[in-house]
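Below is one structure, written out as structure tokens; the observations come after it.
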Amino acid sequence: MCCHLSSCRPSGFLSWMASWLTFPICPILSAPLAAISVIRAVRSGSAYAMTRSALLSPFVIVTMCVTARTAAEYSHGQAVWHAMPRCCSREQAASTPIGWSIDPKTRLDVSRDWPDGHQRYTWRVSNRVARGLVKLFGPQKGSWRGSLPGKEQAGRAFRTGRDAEPADLAAFPELAGVFGHRALMRLNQPIGVTDVVLGPVMTNDAGSRLRIADFYGLTLIGTGEQFFIVVDPSTNLGVARYGDPSR
């Protein structure tokens with residue numbers, strides 16, 4: 001029995017098990033443990049140990065499962081693009097620009113959830129698989145395939161557009177809570193004379209006007225290059241959004 005245990009110890013079973021236990025919490029810590037398991041398995045000369053350490057490691061099994069899941073989601077038009085934060089804290093991540101609601105290259109809806117533990121690895125794998133599927137087979141069904149304006153293009157379009165009216169928000173109820181029907185523009189008059197209201201203006205708390213403009217057959221609604229929604233005129237539905245409506 002002792003001989004059996006001593007012969008198994010160099011095969012890397014403990015480091016292999018440790019790599020599985022640490023993977024859900026910290027894949028970075030799991031990686032060297034998985035590598036140690038492979039090295040010990042090779043040194044032991046055991047075919048079983050090498051198969052276990054190489055093919056049954058969390059990085060192989062999890063990668064295969066994530067690949068299969070992403071492929072299934074893509075085939076049903078449900079795959080998403082995971083926006084990976086470039087900073088170390090939730091507070092820093094929240095201060096970064098929101099950007100597009102869809103990934104401009106793959107046209108997948110962007111998920112803005114914060115990755116925890118193993119998601120830092122699995123989400124990157126999912127993004128790579130989704131990008132590969134889009135390159136091979138094109139955007140998944142239901143994705144917007146038309147053109148998207150750049151920030152500068154949207155800004156120029158809004159400068160020649162018009163101010164939005166309450167009726168323009170009928171298809172975008174999420175904007176109603178940010179933009180109000182407010183009469184903000186007044187003329188300075190002598191004391192005793194009532195201020196003259198020039199007209200209703202849809203603005204957010206930052207004072208930015210909500211405007212509407214045309215862009216090569218598309219409709220843009222927003223405040224400028226910092227925030228705009230791309231609207232498909234054929235359905236009057238927003239197909240993509242850039243920025244934050246409060247900006």
Side-chain angles (χ1 to χ4, degrees), residues 23-24 27-28 30-31 55 57-87 90 92-94 96-157 171-172 174-175 213-222 225-245 247:
F23 181 84
I28 296 178
S30 175
L55 299 182
S57 73
F59 293 94
V60 174
I61 299 299
V62 172
T63 298
M64 292 175 60
C65 292
V66 172
T67 299
R69 185 190 64 188
T70 303
E73 292 174 344
Y74 171 85
S75 65
H76 291 86
Q78 299 175 347
V80 298
W81 182 265
H82 300 281
M84 302 299 295
R86 297 180 181 178
C87 40
R90 295 176 186 265
Q92 290 176 335
T96 59
I98 291 180
W100 285 101
S101 63
I102 64 174
D103 179 60
K105 294 183 178 179
T106 62
R107 301 304 175 93
L108 300 176
D109 291 336
V110 174
S111 171
R112 293 294 172 181
D113 294 333
W114 179 269
D116 290 320
H118 68 281
Q119 291 174 338
R120 295 180 181 273
Y121 174 80
T122 58
W123 285 3
R124 286 188 172 91
V125 173
S126 179
N127 285 350
R128 292 180 180 178
V129 173
R131 185 190 297 117
L133 291 173
V134 170
K135 287 183 178 180
L136 288 175
F137 306 108
Q140 67 179 0
K141 61 181 180 181
S143 299
W144 171 251
R145 298 170 182 252
S147 60
L148 292 175
K151 293 195 302 179
E152 295 78 8
Q153 294 173 317
R156 289 194 296 268
F172 307 100
E174 70 275 10
L175 295 182
D214 294 327
F215 178 83
Y216 294 102
L218 300 175
T219 300
L220 305 182
I221 179 170
E225 64 180 24
Q226 296 300 319
F227 164 71
F228 57 90
I229 296 177
V230 182
V231 182
D232 181 5
S234 62
T235 60
N236 200 33
L237 296 177
V239 295
R241 186 182 77 176
Y242 182 86
D244 186 344
R247 299 175 65 180

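Note that the numbering runs from 1 along the sequence shown for the chain. Since this is a predicted model, take the numbers as computed values, not measurements.
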Do Val129 and Val66 pass the side chain to side chain contact (heavy atoms under 4.5 Å, CB included) test, and can you show the C-alpha distance, the side-chain angles, and the key distance before you say yes or no? CA-CA 9 Å; Val129 173; Val66 172; 5.7 Å; no
Could you tell me the separation between the [atom1] atom of [X] and the [atom2] atom of [Y], rounded to the nearest 0.5 Å?
| X | Y | atom1 | atom2 | answer |
| --- | --- | --- | --- | --- |
| Ser126 | Tyr74 | OG | OH | 13.5 Å |
| Asn236 | Thr219 | CG | OG1 | 7.5 Å |
| Ile102 | Leu148 | CD1 | CG | 5.0 Å |
| Thr70 | Arg128 | OG1 | CZ | 12.5 Å |

State which residues pass ring-ring contact (aromatic ring centres under 6.0 Å, His included) with Trp81; sequence neighbours excluded, sorted by chain then number. none
Check step by step if side chain to side chain contact (heavy atoms under 4.5 Å, CB included) holds for Trp144 and Leu237. CA-CA 11 Å; Trp144 171 251; Leu237 296 177; over 6 Å; no
Nearest heavy-atom pair of [X] and [Y]: which atoms, and what distance?
| X | Y | value |
| --- | --- | --- |
| Phe227 | Asp244 | CB-O, 3.4 Å |
| Gln140 | Gln78 | OE1-N, 3.4 Å |
| Leu108 | Ala130 | CD1-CB, 3.6 Å |
| Trp100 | Val230 | CZ3-CG2, 4.3 Å |
| Glu225 | Lys151 | CB-O, 3.0 Å |
| Val134 | Pro139 | CG1-N, 4.1 Å |

Do side-chain atoms of Ser75 reach the backbone of Ala72 as a donor and acceptor pair under 3.5 angstrom?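 Between the backbone of Ala72 and the side chain of Ser75 there is a qualifying donor-acceptor contact (under 3.5 Å).
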Quick check: does any side chain N or O of Arg107 sit under 3.5 Å from a backbone N or O of Gly146, one acting as donor and the other as acceptor? yes
Is there a side-chain contact between [X] and [Y], using heavy atoms and a 4.5 Å cut-off?
| X | Y | answer |
| --- | --- | --- |
| Leu220 | Ile229 | no |
| Pro115 | His82 | no |
| Leu218 | Pro233 | yes |

What side-chain donor-acceptor pairs closer than 3.5 Å can you find for residues 57-64, not counting sequence neighbours?
residue	atom	partner	partner atom	Å
Ser57	OG	Val60	N	3.4
Thr63	OG1	Phe59	O	2.4
Thr63	OG1	Tyr121	OH	2.5

Please evaluate residues Gln119 and Thr122 with respect to the criterion side chain to side chain contact (heavy atoms under 4.5 Å, CB included), reporting the C-alpha separation (whole Å), side-chain torsions for both, the decisive distance (0.1 Å), and the verdict. CA-CA 5 Å; Gln119 291 174 338; Thr122 58; 4.1 Å; yes
Between Tyr242 and Phe228, what is the ring plane arrangement, given parallel below 30°, perpendicular above 60°, and tilted in between?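 Aromatic pair Tyr242/Phe228 classed parallel.
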Run the numbers on Trp114 and Asp116 for side chain to side chain contact (heavy atoms under 4.5 Å, CB included), then give the verdict. CA-CA 7 Å; Trp114 179 269; Asp116 290 320; 3.3 Å; yes
